Every structure is written in C-alpha cells, then in structure tokens.
Participant: 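What follows is a single structure, and I will ask about it in a moment.
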Amino acid sequence: MKKEKKLPELKRGKWRLIDCFLFDFKVSPFGMTVFILTNVLWNALPYLRLFTTASFVDTALSVLRGDSPESAIIFPLVSLFAVFFSSSLLQTLEQTVRDMLKTKVWTVTKEVFFKKQASLKYRYIEDSKTYDLIGRACSEPGGRMYDRGTRVVWMAWRVMFIISLIVTVFAKVWWSGLIAIAAAIPAVVMAVRSGLDDYKTYFEVEKDSRYADRYKSFVMTKDYLEERTTFGYAPYAVKKWREAKLGIDKKNLKTQVRNSRRENIITSLTWVMYGAIMISLAFAVGRGELSAGFFIGFANILNTLRWNIGSGVAWDVRWSAQAKKNLGDLSEFSQLEEQEGALDTPADMSSFNFGKIEFRDVSFKYPGTDRYILKNCSFTINEGEHCAFVGVNGAGKTTITKLLTGLYDEYEGDITIGGKNLRDFTYAEIKGMFSVVFQDFAKYQIPYGDAIKLGDVNRDSDEAVLRVTDEIGLSDALEKLHSGVRTPLGKAAEDGVDLSGGEWQRVAIARALYGNRPVSILDEPTAALDPIAESAVYALFKKVTEGKSAVFITHRLGAARIADRILVIDGGAVAESGSHDELVKAGGIYAEMFSTQKSWYEDAPGEEAVS
C-alpha cells in the first residue's frame, strides 16, 4: 500500500511573505528550485544581451572599417541569436514551471486549509467574528499562497536588477551613477506612495462594494424572485446600487487622478535618469572609454530599469499592502485551536452498552458571553428510552445536544455515559455514539445513496440505504428518481432532481438511521412544518427507533407527547420530568404550555397514523 505523503503544516503565529515562500518550497522543493533558477537566469539575460549586442555591433563596425575580416562577425552574430533564442526558451520553461508549481501549490494548500478548517473547535463556527475571519483566510488559499511565494522571488529579482544596474553605471561613469540615484530615489518614494494610496482606496471601497453587491443580488439572483416580483422593489434596489457604485467610482477616480500626477512626475524623473545616463555614456564613447556597441546594448537595458523603477516598484508596493491584510487574517486563522480527533472517522460503538446518560449539575455559557444557558442542570436518559426535551426557544434544549455530542467541552459539572466521563471518550467514540438531525440540516446535492451514506462513512451498503429509505417512507419518492440511488439531488447537477421540503427532511433522518448509532437525536428538524405534520414525522421516527435510545428536541408539545419521558427545560435546568399524562395532570409548566398549544393538535394523527 502506497504511503500517503505528509502534508506541510500550517505555521501557527505571525505570517510574513517569506513564510509563504518557505511553505511553497516545502510543497514542491524541486519546482520552487527550478523557478528560482529560471529567475536567476532572467536576471542574467539582460547582461548577456548587453554584452552580445556590444560584441556584435563593435565587430560589425570593425568589419566595416576593414580592421577585421568578414568571418569575424559570425561568432558574435551566432552568440546574439543564441541569447535571444535562449530568452524565448527560458520564457517557455519558466511558464511551464510556473504552471506546474501553481497546480501543486494550489492543490496541496487547499487540502491543508480544508483540514485546518474541518478541525477547528465548533465555537469558532458559531462566533460571527471568527466565522468571517475563517471565510476571509480560506478564500482562494492556494492561489494566494502561490502568488505570495513566487512574488517574493520576483521582488528579489527586481531589487537585484535595479541595484546591479546602478552599480554597473557607477563602474562605467561614477558621476552618472549619482545622477541615476538622485532621480531614482524620489521616483521610488512616489511609486511607494502611489502603491499605498491604491491599497488604501481598495480597502475603503471593499466594504462599499459588498454593500452594492447585496442590492445587485436582489435584482440579479433567483433567490429573491418572488418577493422582487411581489413588492416591485427592483427600481429601488437599482437606485441603491447606483448610489453605492457612484461613491465607489468617485473614490477610485480621486485616487487615480492623484496617482496619475505622480506617475507623470515619476515618468519624467525616470526619463531624466535615462537621458542623463545615456548622455554621460555618449561622452564616454567619444572619449574612447566605452565602445559604441556597449552604448547601444546599454540603451535597451536602461529602458528596462526605467520601467522597473517607475511601474514595477509601485505594483510591488500595492500588492504587498494588499497581501499584508490577508496575511493578518492568515496569522489569526493559523492560531485558532483545533479539536483533537476532529478528522478521525467515527468509532464503531454499535455494541456499546451505555446503561444511561447522566448530566450532573452541568452549567454552561457560550464562549465570550456571561449568561449561563444551563445552570446546575441534572437528568438521566436510560438506555432504550425515548426522551423529549421541551421548553421555550432559548431555554437550552439544543445546547444539551451540543454538549452531549462533544461540540463544546467548556462546561462545568459532569456528563457521564455508562458511568464514564464524557471527557474521557475520544472524539471518534463520541461521534460513533450519536446520530443527530439538526434543525438546520444539510441538503447534500449529491447522488441520493451518497447523501444517506454520509451517515456512516465506514461502510458502503446500498442494501442499508434501501432499508432506511423504506423505514422513513421515502420508497415512493425513490421510485420516481430516474436513476434510483444514483440520481443526483438538487439543482447543482444538470440531471439533478430537487425534493420537496418534507422529502429533504426525511433524507436527513434516513442519514441518521443509516449511521446505526446507539443514540439518535432529532433536534427540531421539522420546525418549518406545521404542528400536525411535525407530529407525524416524530411519530414515524419513534416507530423506526423502537427499542433504541432516542432524544427528541422540540418546543411543540404535540411531538413530545409520544416520548416515554418528557423533560421540561426552564431557567437552564430540568424543571419537570414525566410522561405526557403525568405532566398534564401535575398542572405545572408543561400543562400550561400544552393548554396553549392544544388547539394545534386536535386533528393530529398521533402514533396510530404510522402503526
């Protein structure tokens, strides 16, 4: 079996451009080495062209004067063509290397970021600030990492080229070198300011652009079609988009005008530099200190220097300023804590005999908040029992599910399963113990069978898919799919088939049943249904989990009454516990809630509807 290649680690801490270069080098040492070598050769090519051009021109002049035989021109001419041919060959080689390196860095980086993101502690996903941070840091990570790493090489090349050429000018005519420096310094300073201004404007209009894009989406996307048509707000949305766009254009134009003035000055300075150097070299030719060929060859290389100082530096500064912001996001992202065992597949816990689940004086508040959602909460769930947690929205019902399934472990008190503390289980064991259907269940737009098999990635059984399909009442829907379990769901695929809301819910429940975990949890996935339809789904779920442990989370009591035992959550703790009839008879919180909701269920089907 081929050993899987170890991925490079994402450095924890502050990220700089050089760190991106080192990351790219770890991903592809050979590709990065070849890329560096090609850029070294690129740095040498202008000088090779300079000397071969000088040799050719000087030899040609010598032949014309009769000082050299005609055959003397052959070697300089061949050398000149060889350099230009090598330049073209090197350009092709560099492009090929860049494409290969980009593909490798993009793929590996994406996988590294995927794994980091999938391993993060759940609290970061629920926190809006860190969630936005994750989104920014993980946006096109492969392309950005490649761009930063290679840009370091290019910027190093530019610096070396500018310095080496000015040193060459000094060596030939020292006072001409002083003129070059005198013109280059203010040109570089203004180029830097232009780059920073461009970035500042980019940063300012970024938020405005997002605002404008929202109104644009109201008009352009299908999601808002019904309300757009009903309310007729399209002209208003277009007006708001136009206002925001005009503000953006005004800021961009102001920066462009200001930088245009700078560019004119920079261009003038670089031409002054170019002219001064060429005049000084012309005098040197007249004095016999330089050859005419060197003068002509140097004219070409000086033009490259002029562009690098005028435009190249400004581009590097602008790019570096923009990269710095994203590197800040990357630095924060890299330091987010990971959940140990997050990437482990669920352990096989199907034969685990847990006896009972117990919460003992559990208190919990979400990270960054001061309010306790649960406070000294205690209860037990016996093996094979169907329990329902009820209470008003925000009472802490879903929080119990999150603690039980290991999404949060920063709680006070103890949670035990079979007498063993929850914190002593591995994350793989916890994942192997619970199947959960959350309120915001996922609609996987993949083949029907695969959407259910996600419930247990350790096995691949079409037979089990068909079994849970039948149990949950989806057999008729499956028969209508053109390719059976291979039919793509949703609209992402060209031949995909979309399902109704109720069918999507049943697919989510079938996925939980396919997992065959010791405990199944239904956490209000039917909240969008009417109370009677919800009761029917819960009754069906009770039937298919008969003899197994199951937990129902709901704020609608018609669904809860089918449970063996109901636990009423109030004030962050269990206020009442008992069967539906017992709690109604007790006349407490549950009885009052049920009295309020009773009219919803006068025609509810109850358990007999699915018997």
Side-chain angles (χ1 to χ4, degrees), residues 12 115-127 335-369 372-387 389 396-438 454-459 512 515-523 545 547-553 565 567 569 572-574 577:
R12 294 178 65 90
K115 290 192 172 183
K116 171 72 176 181
Q117 193 172 358
S119 301
L120 292 176
K121 291 207 167 189
Y122 184 75
R123 69 171 183 267
Y124 297 127
I125 310 301
E126 285 211 317
D127 181 83
Q335 295 177 75
L336 297 181
E337 289 183 74
E338 298 173 27
Q339 174 66 53
E340 184 178 353
L343 298 178
D344 295 343
T345 56
D348 182 7
M349 305 293 285
S350 57
S351 60
F352 179 69
N353 183 7
F354 63 78
K356 66 177 179 180
I357 298 171
E358 186 174 4
F359 273 50
R360 292 201 296 261
D361 293 323
V362 173
S363 297
F364 174 77
K365 54 186 176 184
Y366 285 98
T369 66
Y372 278 97
I373 302 298
L374 298 178
K375 188 66 175 175
N376 299 324
C377 183
S378 300
F379 61 85
T380 60
I381 300 173
N382 298 312
E383 187 167 10
E385 187 178 27
H386 285 187
C387 284
F389 288 90
K397 305 183 300 295
T398 294
T399 300
I400 290 173
T401 301
K402 291 177 179 178
L403 297 186
L404 199 55
T405 55
L407 296 180
Y408 287 98
D409 57 9
E410 305 92 341
Y411 55 84
E412 303 165 26
D414 292 302
I415 302 173
T416 62
I417 302 177
K420 181 178 178 180
N421 198 297
L422 183 64
R423 292 189 176 100
D424 294 332
F425 286 92
T426 66
Y427 202 46
E429 289 173 333
I430 295 174
K431 286 187 283 188
M433 210 172 309
F434 299 97
S435 287
V436 188
V437 185
F438 290 101
L454 289 175
D456 186 355
V457 295
N458 292 319
R459 63 177 175 143
N516 195 31
R517 308 284 204 272
V519 183
S520 296
I521 302 175
L522 218 59
D523 190 357
T545 56
K548 298 181 181 180
S549 303
V551 174
F552 310 143
I553 307 289
R565 188 157 53 94
L567 293 90
I569 306 298
V574 176
S577 175

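Keep in mind that what you see is a predicted model, and the values were worked out from it rather than measured. Only heavy atoms go into these numbers, but all of them, side chains included; no hydrogens, no water, no symmetry mates.
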Participant: Using the side chain to side chain contact (heavy atoms under 4.5 Å, CB included) rule, take I521 and V437 through it: C-alpha gap first, then chi angles, then the decisive distance, then the call.
Facilitator: CA-CA 6 Å; I521 302 175; V437 185; over 6 Å; no
Participant: Identify all side-chain donor-acceptor contacts of residues 398-406 below 3.5 Å with residues at least two apart in sequence or on another chain.
Facilitator:
residue: T398; atom: OG1; partner: D523; partner atom: OD1; Å: 3.1
residue: T398; atom: OG1; partner: D523; partner atom: OD2; Å: 3.2
residue: T399; atom: OG1; partner: Y366; partner atom: OH; Å: 2.7
residue: K402; atom: NZ; partner: E126; partner atom: OE1; Å: 3.3
residue: K402; atom: NZ; partner: E126; partner atom: OE2; Å: 2.4
residue: T405; atom: OG1; partner: T401; partner atom: O; Å: 2.7

Participant: Give the intermediate values and the outcome of side chain to side chain contact (heavy atoms under 4.5 Å, CB included) for residues Y408 and R123.
Facilitator: CA-CA 7 Å; Y408 287 98; R123 69 171 183 267; 3.4 Å; yes
Participant: Quick one: CG on N458 to CG on N516, what's the gap to the nearest 0.5 Å?
Facilitator: 12.0 Å
Participant: Is F389 close to I381 at the side-chain level, that is, under 4.5 Å between some pair of heavy atoms?
Facilitator: yes
Participant: Mark yes or no for whether S549, through its side chain, and V519, through its backbone, hold a donor-acceptor pair below 3.5 Å.
Facilitator: no
Participant: For the residue pair G432 and P518, what are the closest heavy atoms and their distance?
Facilitator: O-CD, 3.5 Å
Participant: Within the structure provided, determine whether S378 and V574 are in side-chain contact (heavy-atom separation under 4.5 Å).
Facilitator: no
Participant: Taking all non-hydrogen atoms of both residues into account, name the closest pair between L374 and C377 and its distance.
Facilitator: CB-CB, 4.4 Å
Participant: Using the side chain to side chain contact (heavy atoms under 4.5 Å, CB included) rule, take Y122 and Q339 through it: C-alpha gap first, then chi angles, then the decisive distance, then the call.
Facilitator: CA-CA 8 Å; Y122 184 75; Q339 174 66 53; over 6 Å; no
Participant: Measuring from E337:CD to L120:CG, what's the distance to the nearest 0.5 Å?
Facilitator: 10.0 Å
Participant: Grab the two heavy atoms, one from A342 and one from S119, that are nearest each other, plus how far apart they are.
Facilitator: CB-CA, 3.6 Å
Participant: If the test is side-chain contact (heavy atoms from CB on, under 4.5 Å), which one of K431, M433, E429 qualifies with P346?
Facilitator: K431
Participant: What distance separates K121 NZ from D127 CG, expressed to the nearest 0.5 Å?
Facilitator: 14.5 Å
Participant: To the nearest 0.5 angstrom, please state how far the CZ atom of F359 sits from the CG atom of D414.
Facilitator: 11.0 Å
Participant: Rounded at 0.5 Å granularity, tell me how far SG in C387 sits from CD1 in I553.
Facilitator: 10.0 Å
Participant: So does L567 get a backbone contact from the side chain of S577, meaning a donor-acceptor N/O pair under 3.5 Å?
Facilitator: no
Participant: Run the numbers on R517 and M349 for side chain to side chain contact (heavy atoms under 4.5 Å, CB included), then give the verdict.
Facilitator: CA-CA 7 Å; R517 308 284 204 272; M349 305 293 285; over 6 Å; no
Participant: Could you grab the distance from atom CG of L422 to atom CG of D409, nearest 0.5 Å is fine?
Facilitator: 8.5 Å
Participant: Look at atom CD of Q335 and say whether more than 12 heavy atoms of other residues, nucleotides or ligands are closer to it than 6.0 Å.
Facilitator: yes
Participant: State whether the side chain of K116 and the backbone N or O of L336 hold a donor-acceptor pair below 3.5 Å, judged by distance alone.
Facilitator: yes
Participant: Report yes if the side chains of Y427 and E340 come closer than 4.5 Å at any heavy-atom pair, otherwise no.
Facilitator: no
